[in-house]
Each structure stands twice: as structure tokens, then as C-alpha cells.
Amino acid sequence: MLDINWIKANPAAFDAALSERKNVPFKASELIAMDESRRSAIAAVEDAQAKRNALSKLIGQAKAQKDEAKANELMAEVASLKDAIQTGEATRKEAEDGLRNALLVIPNIPLDEVPRGADEADNKEYFGLNGSPATAARARPAKPSFSYKPKEHFETGEAMGQMDFEVAAKISGARFVVLKSHLARLERSIGQFMLDLHVDQHGYTEVQPPLLVKDDALYGTNQLPKFADDLFFTPHGESRLALIPTAEVPLTNFVRETILAEDELPLRLTALTPCFRSEAGSAGRDTRGMLRQHQFNKVEMVAITTPEASGDEHEKMLADAEDVLKQLGIHYRVMMLSTGDMGFGAQKTYDLEAWLPGQDTYREISSVSVCGDFQARRMDARVKGKDGKIRHVHTLNGSGVAVGRALIAVMENYQQEDGSIAIPDVLQPYMKGLTSIGAKS
RNA sequence: GGAGAGAUGGCCGAGUGGUCGAAGGCGCACGCCUGGAAAGUGUGUAGGCGGGGAACCGUCUCAAGGGUUCGAAUCCCUUUCUCUCCGCCA
């Protein structure tokens, strides 16, 4: 949620910045007009309340002095204010809700360095701060080469008899998968490895969060009100709960409605959780294989920082996600998303795209975003500085990384001509020392 | 799911219709005291919103929402959460 006072002070910048983004339903001038009526409504109510309070005080004094006549006189006077207060409060609530509801559907303002553009075609490859393409590329694993046409993950997986879409469809329908045997273990190993890496080496605290969340939490991390169609809901009493589409929701909402001390920051949390997405609107996209599922596991990283620290934290979180792919030995590239391709709440987003030789292309495996105070305003998450000043925190989130997609990347990059899959060194301890799976014996 | 008890400031805790954003204590901050510290002592110590350059003023907030009343932390209703007992369960 953007700050109406900022919009008031920078209407041109607001309109210009959001012209780069899709579906922005309001102009600055409309929001400012809404704010005007909100504030005049507040002034009207408070004026009436002040008069009522003053008179009530006098009534108390009159009664204390047993002056019933005066008390009655004052009571008659204050009665006339009642209507004004009541209708004023209704007007005020309407105006406040109107402005808030408008602000809730306005996306975040991209940072200056974000490439302007309409869609992913305008994304720019990112080589690190002050980093040249050459040096950044040297630190990354190389593309593997094959003496045959590399297979896609579902070909190998089905041939192994350890990846089964038909059984999954019988149980749950389309966009589900069943993994079995060594492949199931490999999936688990990848998740464990990544979680351990972030906890042991990158300074995150491991969390087991709830997987069902309230609407309030979803408003905080901007799934609501605009993206309800992407979620699975389950009835709960008179209300409902949503299955988390990402652990970003519970982890970021850790700090909702709190004022943190500055020395508690940065707060770095990570969790390995299932994620549930209805994928409404994705009909026909990525229907083969397990690239796009209703349910998948993901390691998520979340950081809560001061406004000053969020930029550096974003680079750190990107490096933390990159480290996963470096250690797994998977070639990848980093893209800075353009204004047209960024998520609703992001100020700036880096996508990690893993090389998938079977598909002969790069595919998104992680997305690392800095949201500024956008989510903090929605959640009312603040930090009290050493000087006593209270400001909204900054929030960041990134996948570190999606487990299902990492499994795909391992399967395609480590495939062998005989249909087996070599196990990356860092995963072997998790695989009880297995160096290869799926080989014909 | 049933029965009961509760929810007050960073924490503990007083407050059953009037000047209560709220006693007292703890904690914290700053000062005094001290060679330094402890003890002692003094002062200060919530947030939102509106107005204002600021000092400051107004308003709202005692779990949340609604109601009664001239006036609600205090009375009534609904909801949420916590605790105890029973049932059930991993």
C-alpha cells in the first residue's frame, strides 16, 4: 500500500511510475480528492465530539454540585450534537474505507533502476552491482554438454518409473504429481539441503509456519484483494482459511501489527513448506511435467529490515539464492524484471532462471523481491529507531529455491545417457551416499 | 464439541458510570549522588488520525466490533483469542 501523503506530494511521479505498470485503476488526482473528503469528514466529526466532550464534562461538574437544573439544561444542549456525530462518523468511515480500498489495489512503485517495459521481453540480465558480465559469469556453473539430445525431466522420470502423473490425476486431477522411491527421496534431499544451507550459512532462522492463513494475512502480503482467484480456500466456521501460495505469507506476517526495536533487525526467516496455487488463468501453460503444479514444495526466505538496509539485503538474498544453484552445480542466469513483468508488491525483482537442457531454455526457479514499505503499511509493521522515531519496516522475500523446479533442474542437468541421474555432490549425504539413481541394473 | 474463568500501557497489576490514556510496581532513558558501580533519589517513558512551521491543540484507542448513556476501561450484545476441566485426537 502506498502512502497517500507521498502521492499528495508527488502526484506526477505517481502517475508516471504507474503508467509503466498494468491495471492501475486510479490517477493521483482522484486519490487526492478522496483524501480531501476523508479529512474534511474527520474534521467535522472531531469538532462535534470535542463539543460533546466539553459539555459532558460540565454535566459531571454540575451533578457533583447537585445542580440538577443546570445539568438538565446542558444535557438538552448536547443532545442536538448526537445526530451530527452519528452521521459524521458514517461519512467518515465511508471516506476512509474508500481511500483504503483504492490504495489496496494500486501496485508498488518500481525503483529507478528497474527497466521500463511491457513484459518479460524487456527484462534485463543482471550481473551484480558493479559486476561485469565476465566476472559474474565465471562464478557460475557452466552449461553441461551432451553427446545426445537431452531429455526433459518427465521423460526420464516416467522412464524410471518414479514420477507418475496418471496416478496423481486419479487421486487429485490435473496439475498434481506423485514421486516415488529414489526420486521422492531426491526431492526431499534438495529441500533439506537448501534449508540447511540458509540456516547454517546464510543467517536465517528456520520456521515451521502455519499453512492455512486468514484473509488479514493475505491482505498484508498483497494476495488480497486482487488475486483471490490464485488461491485455494477452505471453509472454516463462518469464515474461511486459505492454503498458503507461498511461505512468504506466514513469514512476512510474523511482524504484522508490531513495533520492532531497531536492534532486532534484520530479521531473517526461512521455511520449507508446501505451496498451493490454483493456477487459474494458466490453462494450457506448462501442462507437461511438474513445472506448474497446484502443489509444490518451496524453501522461502523472508527478511525484515530498516529502510536503509533493504537495498543491501536484496543483494544478499539474491546471493543466498544463487548459492543454492552454485552448490548444486546448475547453470543459471539472473534477470532484473521489467516494470511490466514485476509482481504487484515489488519495487524491484530478480529472477533466477535455471538452465534446463531438456527444454533447451532457461526457466524461472527463484524470484527475489524487495517491497520497500508497501507490505509493511498493509500489515502495520514498524520499527522504532534509536532516536525514538517510528517508521514502517521494509520487507523482502525470495525463493531459495522452488524445490520442484530444482528437482527438474537436477534431473535435466545431471541426466546420463543410460537414463540414470547423477547425484550432485552436496546432495549425496542426504541420499545416504547414493551417487546415482534410476540406473538400469 | 460441552462447562467455566479471563483479556487493561514494554511487563506485572489497580480501577464497576464522570475531570481516567488510566494508580502503583517492574523495566527502560536521562540527571543527581559515587573514584567507578550498586543502592538511593529526581524527571521522563503508548500508538493512530486531524490541525499547526513548531510549541502545542483536538480526537480515537483499556482484545475486536456493535449497543445503552449527556458521558463507558467500567453496563448490555456479538466475535476472536488465552487458561482450566470434560470429550475427542496426531
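By convention in this document, chain letters (A, B, ...) are assigned in the order of the sequence lines, proteins followed by strands, and residues within each chain are numbered from 1.
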Output field: ring centroids Phe227(A)/Phe344(A) closer than 6.0 Å: yes

Stepwise salt bridge (Lys or Arg N to Asp or Glu O under 4.0 Å) check, Asp286(A) with Arg363(A): CA-CA 11 Å; Asp286(A) 304 317; Arg363(A) 293 301 302 244; 3.1 Å; yes

Rounded distance (Å) that lies between atom C1' of rC30(B) and atom NZ of Lys386(A): 17 Å

Pair listing, ring-ring contact (aromatic ring centres under 6.0 Å, His included) test, anchored in residues 279-302 of chain A, at least two apart: Phe176(A)-His294(A), Phe232(A)-His294(A)

Report all interatomic pairs (protein N or O, nucleotide N or O of nucleotides 16-23 of chain B) with separations under 3.5 Å.
{"unit_1": "rG18(B)", "atom_1": "N2", "unit_2": "Ser56(A)", "atom_2": "O", "d": "2.9"}

Length of the CZ-C1' vector between Arg382(A) and rG10(B), whole Å: 14 Å

Of all pairs that satisfy ring-ring contact (aromatic ring centres under 6.0 Å, His included), the ones with a partner from residues 183-219 of chain A, not counting sequence neighbours: His198(A)-His202(A), His198(A)-Tyr204(A)

Test item: side-chain donor near acceptor, Gln223(A) and Asp230(A), under 3.5 Å: no

Between Thr395(A) and Gln375(A), a side-chain donor and acceptor under 3.5 Å: yes

Arg39(A) side-chain N/O to rG51(B) phosphate OP1/OP2 under 4.0 Å: yes

Separation of the P atoms in rA22(B) and rG10(B), to the nearest angstrom: 14 Å

Between Asp351(A) and Ser367(A): side-chain donor-acceptor atoms closer than 3.5 Å: yes

Minimal non-hydrogen separation, Asp35(A) against Leu99(A), with atom names: OD1-CD2, 3.8 Å

Nearest-nucleotide comparison on RNA chain B, the residue closer to the 5′ end among Lys51(A) and Ile4(A): Ile4(A)

Asp380(A) and Arg256(A) ion-paired at < 4.0 Å: no

Length of the CD-C1' vector between Gln86(A) and rC70(B), whole Å: 14 Å

Ring-ring centroid check Tyr350(A) His314(A), cutoff 6.0 Å: yes

Gln208(A) atom CD, neighbour heavy-atom count above 12 within 6.0 Å: no

Rounded distance in Å - NZ (Lys389(A)) to C1' (rU45(B)): 19 Å

Pairwise P distance for rC88(B) and rG13(B), with rounding to whole Å: 35 Å

Gap in Å between the two P atoms, one belonging to rG48(B) and one to rA38(B), rounded: 33 Å

Pairwise C1' distance for rU80(B) and rG65(B), with rounding to whole Å: 10 Å

Between P of rU79(B) and CG of Asp216(A), the distance in whole Å: 18 Å

rG50(B) phosphate, OP1 or OP2, under 4.0 Å from Arg38(A) side-chain N/O: yes

Asp35(A) CG - rG51(B) C1' separation (whole Å): 14 Å

d(CD, Glu96(A); P, rG50(B)) in whole Å: 9 Å

Interatomic distance where CG belongs to Asn72(A) and C1' belongs to rC70(B) [whole Å]: 10 Å

Sugar-phosphate, base or nothing in reach of Leu58(A), heavy atoms under 4.0 Å: nothing

Polar atom pairs between nucleotides 55-58 of chain B and protein, under 3.5 Å, N or O only, would you list them?
{"unit_1": "rG58(B)", "atom_1": "N2", "unit_2": "Glu46(A)", "atom_2": "OE1", "d": "2.7"}
{"unit_1": "rG58(B)", "atom_1": "N2", "unit_2": "Glu46(A)", "atom_2": "OE2", "d": "3.3"}

Whole-Å C1' distance, rU19(B) and rC76(B): 26 Å

Nearest atoms (heavy-atom pairs only) where Ser310(A) meets Val370(A): CB-CG2, 4.0 Å

Pair Gln327(A), Glu322(A): side-chain N/O donor-acceptor within cut-off below 3.5 Å: no

Distance, P atom - from rG21(B) to rA72(B), rounded to whole angstrom: 11 Å

Span that lies between the P atom of rA14(B) and that of rG36(B), in whole angstrom: 41 Å

Nearest to side-chain heavy atoms of Arg92(A), which nucleotide of rC70(B), rG47(B), rC49(B): rC49(B)

Upstream residue (5' side of RNA chain B) when Lys93(A) and Ile390(A) are each assigned their closest nucleotide: Ile390(A)

Dot-bracket encoding of pairs in RNA chain B, which uses [ ] for pseudoknotted crossings and | for another strand, Watson-Crick or G-U under 3.5 angstrom: ((((((((.[[[..)..(.....]]]((((((.......))))))((((((....)))))).[[[[[..)....]]]]])))))))....

Glu89(A) and Gln49(A) side chains, donor-acceptor separation under 3.5 Å: yes

Where protein sits on nucleotides 72-77 of chain B, one letter per nucleotide: B base, S sugar-phosphate only, - none, heavy atoms under 4.0 Å: ------

Gap in Å between the two P atoms, one belonging to rA63(B) and one to rC11(B), rounded: 13 Å

Lys298(A) and Thr246(A) side chains, donor-acceptor separation under 3.5 Å: yes

Lys/Arg-Asp/Glu bridge criterion (N-O < 4.0 Å) met for Glu279(A), Arg175(A): no

